[in-house]
There are 2 protein chains.
Amino acid sequence: MGHSRDIPADLTRNQGLVLGALTGSGAPLSAYDILDQLRSEGLRAPLQIYRALDKLVERGLAHRLESLNAFVACTDAHCHRKGLIAFAICESCGKVDEFADTVIEERLAAWAGSTGFTVGRTTMEIRGRCAACLGA
Amino acid sequence: MGHSRDIPADLTRNQGLVLGALTGSGAPLSAYDILDQLRSEGLRAPLQIYRALDKLVERGLAHRLESLNAFVACTDAHCHRKGLIAFAICESCGKVDEFADTVIEERLAAWAGSTGFTVGRTTMEIRGRCAACLGA
DNA sequence: GCCGCGGCGTTATGCTATAACGTAATCAAA
DNA sequence: TTTGATTACGTTATAGCATAACGCCGCGGC
């Protein structure tokens with residue numbers, strides 16, 4: 001029961017539209033990219049997009065890529081992941097790969113423990129070229 | 001011979017001023033923060049700051065914090081570090097700690113090897129609270 | 001000389017994000 | 001059923017971050 005690409009039923013109209021734009025794109029979209037796509041649906045102001053994005057990110061349905069000022073839909077089927085997620089961003093085709101590594105998380109925790117730093121949110125973004133683009 | 005805080009002699013005036021502003025600050029500064037500080041020195045336009053920052057970052061004398069749209073001076077005395085640097089940013093006092101972890105780098109390399117992704121630049125930024133701020 | 005290059009200064013513009021206001025729908029407690 | 005809290009919405013205006021495009025200048029090599 002349930003499969004990947006489920007879209008929660010309790011999204012508002014704006015949230016659903018924004019998430020749809022993200023999942024329909026093969027690459028990250030800026031808030032203004034999304035807005036342009038959704039003008040035909042009646043959306044007009046950046047805030048409408050940003051508010052929807054805030055909720056989506058809060059629920060783990062989308063992620064913000066700090067190094068791009070852009071957003072992607074979460075690719076994890078059941079987006080309940082807690083903790084560190086790393087994003088590999090292909091600078092050639094724009095595709096974003098999402099992965100988690102518990103060892104990295106442990107190393108981070110170890111560093112935090114040794115310095116007394118309390119870790120909140122952490123972002124890890126790798127820029128480079130994906131296998132497919134290297135082939136070409 | 002030589003001590004930490006060396007400022008390379010071959011910086012241009014603008015680059016020196018910008019680096020000075022960064023080293024004199026206990027927290028990250030945005031390009032516009034820097035500009036405001038340097039108006040008294042005759043700088044007027046954002047581009048003057050961005051151009052200097054580009055060079056400083058290129059040489060490893062400063063770092064860009066993607067999650068803040070801001071910049072810090074490199075705290076490493078001899079800033080020739082290659083590879084991954086992680087930044088721990090205290091959301092209370094703004095202080096930024098810089099560290100490197102070879103194990104993390106290895107894990108990243110392993111992931112890259114297994115997927116065929118070619119790693120370029122990678123950014124890792126941890127938001128949280130430093131030990132000093134937790135004490136208070 | 002003269003040319004290429006890098007840095008500089010300026011104006012204008014574009015992209016990213018939020019403030020501040022009022023409205024409407026929902027829901028639970030009184 | 002009124003009340004009040006909460007949450008989303010729509011709009012206008014503004015703030016904050018970054019770069020395009022132009023021309024000038026100074027310097028080193030040829």
Side-chain angles (χ1 to χ4, degrees), chain A residues 7-22 25 27-59 61-72 89 91 94 96 121 123 125 127, chain B residues 7-22 25 27-59 61-72 89 91 94 96 121 123 125 127:
Chain A
I7 293 191
D10 63 336
L11 292 180
T12 66
R13 167 175 158 82
N14 286 3
Q15 288 161 19
L17 287 170
V18 169
L19 184 53
L22 287 178
S25 164
L29 296 176
S30 76
Y32 283 76
D33 290 338
I34 297 170
L35 177 56
D36 286 340
Q37 283 194 26
L38 296 181
R39 283 189 200 283
S40 57
E41 301 289 345
L43 300 206
R44 302 152 192 273
L47 252 196
Q48 297 176 286
I49 310 299
Y50 281 109
R51 289 203 272 231
L53 284 169
D54 282 347
K55 291 301 175 193
L56 294 173
V57 169
E58 201 176 297
R59 295 180 54 166
L61 298 171
H63 302 291
R64 175 186 175 80
L65 298 176
E66 306 282 3
S67 65
L68 294 178
N69 293 326
F71 301 82
V72 284
I89 304 165
E91 292 186 315
V96 176
R121 180 172 70 90
T123 73
E125 300 177 15
R127 314 290 289 269
Chain B
I7 294 191
D10 63 335
L11 292 180
T12 66
R13 168 176 158 83
N14 286 3
Q15 289 163 17
L17 287 169
V18 168
L19 184 53
L22 287 177
S25 163
L29 297 176
S30 76
Y32 282 74
D33 290 337
I34 297 169
L35 177 55
D36 287 340
Q37 284 194 25
L38 295 181
R39 284 190 199 283
S40 58
E41 301 289 345
L43 299 206
R44 302 152 191 271
L47 217 45
Q48 296 175 286
I49 310 298
Y50 282 109
R51 288 203 273 232
L53 284 169
D54 282 347
K55 291 302 175 190
L56 294 173
V57 168
E58 202 176 296
R59 296 181 54 167
L61 298 171
H63 301 291
R64 176 187 174 81
L65 298 176
E66 306 281 3
S67 65
L68 295 178
N69 293 326
F71 301 82
V72 283
I89 303 165
E91 291 185 317
V96 176
R121 182 171 68 91
T123 73
E125 299 177 14
R127 314 288 290 268

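Note that the structure is a prediction, hence the values are computed from the model and not measured. Naming convention: chains lettered A, B, ... in sequence-line order (proteins, then strands); numbering from 1 in each chain.
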- Item | Charged N-O contact under 4.0 Å between Arg59(A) and Asp10(A) |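 Looking at Asp10(A) together with Arg59(A), the answer is yes, because their closest N to O distance falls below 4.0 Å.
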
OP1 or OP2 of [N] versus the side-chain N and O atoms of [X]: is any pair under 4.0 Å?
X: Asn69(B); N: dA18(D); value: yes
X: Asn14(A); N: dG10(D); value: yes
X: Arg13(A); N: dG10(D); value: no
X: Thr12(A); N: dC9(D); value: yes
X: Gln48(A); N: dC9(D); value: no
X: Arg51(B); N: dT10(C); value: no

- Item | From CG (Leu29(A)) to CG (Leu35(A)), nearest 0.5 Å | 11.5 Å

- Note on the structure: Rounding to 0.5 Å, atoms CZ (Arg64(B)) and CG (Leu56(B)) come to a distance of 13.5 Å

- Where the side chain of Gln15(A) is concerned, which of dT11(C), dA8(D), dT16(C) is the nearest nucleotide? dA8(D)

- Item | Stacking check Tyr50(B) vs dT19(D) (5.5 Å / 30 deg) |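 According to the criterion (under 5.5 Å, under 30°), no, Tyr50(B) does not stack.
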
From [atom1] of [X] over to [atom2] of [N], roughly how many Å is that when rounded to an integer?
X: Phe71(B); N: dC17(D); atom1: CZ; atom2: P; answer: 10 Å
X: Leu35(B); N: dT10(C); atom1: CG; atom2: P; answer: 12 Å
X: Leu43(B); N: dG7(C); atom1: CG; atom2: P; answer: 16 Å
X: Asp10(A); N: dT7(D); atom1: CG; atom2: C1'; answer: 13 Å
X: Asp33(B); N: dA15(D); atom1: CG; atom2: C1'; answer: 13 Å
X: Leu47(B); N: dC17(D); atom1: CG; atom2: C1'; answer: 13 Å
X: Leu11(B); N: dC8(C); atom1: CG; atom2: P; answer: 10 Å
X: Leu68(A); N: dT16(C); atom1: CG; atom2: C1'; answer: 13 Å

- Message: Base, sugar-phosphate or nothing for Ala45(A)? Non-hydrogen atoms, less than 4.0 Å.
- Response: base

- 5'-most contact on DNA chain D: Ala52(A) or Pro46(A), nearest heavy atom basis?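 Here Ala52(A) is the residue nearer the 5' end.
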
- Is there a donor on the side chain of Tyr32(B) or the base of dA15(D) sitting less than 3.5 Å from an acceptor on the other? no

- Stepwise salt bridge (Lys or Arg N to Asp or Glu O under 4.0 Å) test for Glu41(B) and Arg13(B): CA-CA 10 Å; Glu41(B) 301 289 345; Arg13(B) 168 176 158 83; 3.7 Å; yes

- Glu66(B) and Thr123(B) side chains, donor-acceptor separation under 3.5 Å: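 No, no side-chain donor-acceptor pair sits under 3.5 Å.
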
- Message: Taking the nucleotide of DNA chain C with the nearest heavy atom to each, does Lys55(B) or Arg44(B) sit closer to the 5' end?
- Response: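 In this pair, the answer is Lys55(B).
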
